[in-house]
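The structure displayed is predicted, hence computed values, not measured ones.
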Amino acid sequence: MLFRSTYGTAGDRLRRLEESICCVRGLLTEERTSFAGEFFTLTDAMCEPKPVQAHLPIWVGGGGEKVTLRITARYADGWNVPFIAPDAWAHKAAVLDAHCADAGRDPAEITKSVNVGMAFTEEELRTQFGRIADAVRPGVLSGSVAEMVDKVGAYVEAGAAYVILAMRAPFDRDGLERFAAEVIPAVRG
């Protein structure tokens with residue numbers, strides 16, 4: 001049996017993402033906005049009330065190097081990718097920077113971040129992530145406090161403005177308290 005998404009192909013979903021960003025940006029910043037695309041059409045559309053913020057940032061998540069990062073370079077204020085190793089994150093950030101150059105945009109205009117997991121032990125990793133534990137392992141802070149601090153430092157050195165701890169149920173409250181008491185102060189120090 002072949003499963004076919006009602007949302008179309010991956011290419012359709014990415015074109016839909018790009019169009020939706022254009023629509024949302026227009027709705028948030030213009031009195032009236034019009035847009036004619038393959039998936040969305042707006043004619044003198046209004047968004048009222050406007051956000052309180054002068055500029056509401058739009059973030060794009062994902063690491064697809066050919067399309068997602070190109071869309072990010074053209075439209076996003078922030079970028080996030082989850083559960084990849086610092087060297088893989090650095091590579092994707094460099095690809096994003098190259099797309100920014102192609103688009104005539106300063107890469108510094110985009111806030112870059114990474115979501116990471118946290119597991120002090122192999123058992124905690126397996127409990128949190130189950131069958132996907134091996135796949136996400138490169139993007140999980142694990143091991144000793146020093147190893148976690150070093151990994152956070154590697155992301156920051158590669159250009160991450162934020163390293164976001166992405167907890168999954170079942171939540172390890174003891175591990176989170178240990179992280180807050182031992183890792184965070186060491187990162188800040």
Side-chain angles (χ1 to χ4, degrees), residues 14 17-18 20-21 24-25 28-29 51-103 105-121 124-125 128-129 132-133 135-189:
L14 289 167
L17 169 65
E18 186 169 17
S20 65
I21 293 170
V24 169
R25 178 77 74 205
L28 294 176
T29 61
V52 174
Q53 300 92 331
H55 176 79
L56 190 63
I58 293 177
W59 282 68
V60 173
E65 295 181 12
K66 293 179 183 175
V67 182
T68 304
L69 293 179
R70 179 189 53 78
I71 292 170
T72 303
R74 291 181 66 196
Y75 303 107
D77 302 299
W79 167 67
N80 180 274
V81 65
F83 303 115
I84 62 174
D87 59 336
W89 189 93
H91 168 77
K92 292 195 180 290
V95 171
L96 175 57
D97 290 353
H99 283 303
C100 284
D102 291 344
R105 187 162 181 213
D106 180 358
E109 294 176 11
I110 300 172
T111 303
K112 299 172 184 158
S113 66
V114 61
N115 281 12
V116 297
M118 182 274 303
F120 283 95
T121 67
E124 291 170 6
L125 177 72
Q128 263 189 77
F129 293 98
I132 65 168
V136 300
R137 180 187 311 278
V140 174
L141 304 178
S142 61
S144 69
V145 169
E147 289 170 312
M148 290 183 179
V149 169
D150 288 346
K151 195 165 193 175
V152 169
Y155 287 115
V156 171
E157 190 173 300
Y162 298 102
V163 178
I164 302 166
L165 194 57
M167 299 297 293
R168 292 176 51 106
F171 301 108
D172 177 11
R173 294 180 74 86
D174 293 336
L176 186 56
E177 287 175 10
R178 181 177 176 201
F179 186 86
E182 298 177 33
V183 178
I184 291 174
V187 167
R188 288 185 177 156

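- The minimum heavy-atom distance between R70 and E18, with the atom names listed, is NH1-OE2, 3.5 Å.
- Residues satisfying the salt bridge (Lys or Arg N to Asp or Glu O under 4.0 Å) criterion with D172, sequence neighbours excluded, are absent altogether.
- Listed by chain and number, the residues in a side-chain hydrogen bond (donor to acceptor under 3.5 Å, both in side chains) with E65 are H91, K92 (sequence neighbours excluded).
- Residues L96 and L69 approach most closely at CD1-O, 3.4 Å, considering heavy atoms.
- Because its NZ or CZ atom is both nearer than 6.0 Å to the ring centre of F120 and within 45° of the ring axis, R178 counts as a cation-pi partner of that residue.
- Here the NE2 atom belonging to H99 is positioned 13.5 Å from the CZ atom belonging to R105, to the nearest 0.5 angstrom.
- Using a 4.5 Å heavy-atom threshold, the side chains of L165 and L176 count as touching.
- Looking at every heavy atom in both residues, A76 comes nearest to V60 through CB-CG2, 3.8 Å.
- Within a 6.0 Å sphere centred on CD of E157, heavy atoms belonging to other residues, nucleotides or ligands number 12 at most.
- Ring orientation note: the planes of Y162 and W59 are tilted relative to one another, at an angle of 30° to 60°.
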- Task: Run the numbers on E147 and D150 for side-chain contact (heavy atoms from CB on, under 4.5 Å), then give the verdict.
- Result: CA-CA 5 Å; E147 289 170 312; D150 288 346; 5.7 Å; no

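- Residues V116 and Y155 have side chains in contact (heavy-atom distance under 4.5 Å, counting atoms from C-beta outward).
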- Step-by-step side-chain contact (heavy atoms from CB on, under 4.5 Å) determination, S142 to L125: CA-CA 8 Å; S142 61; L125 177 72; over 6 Å; no

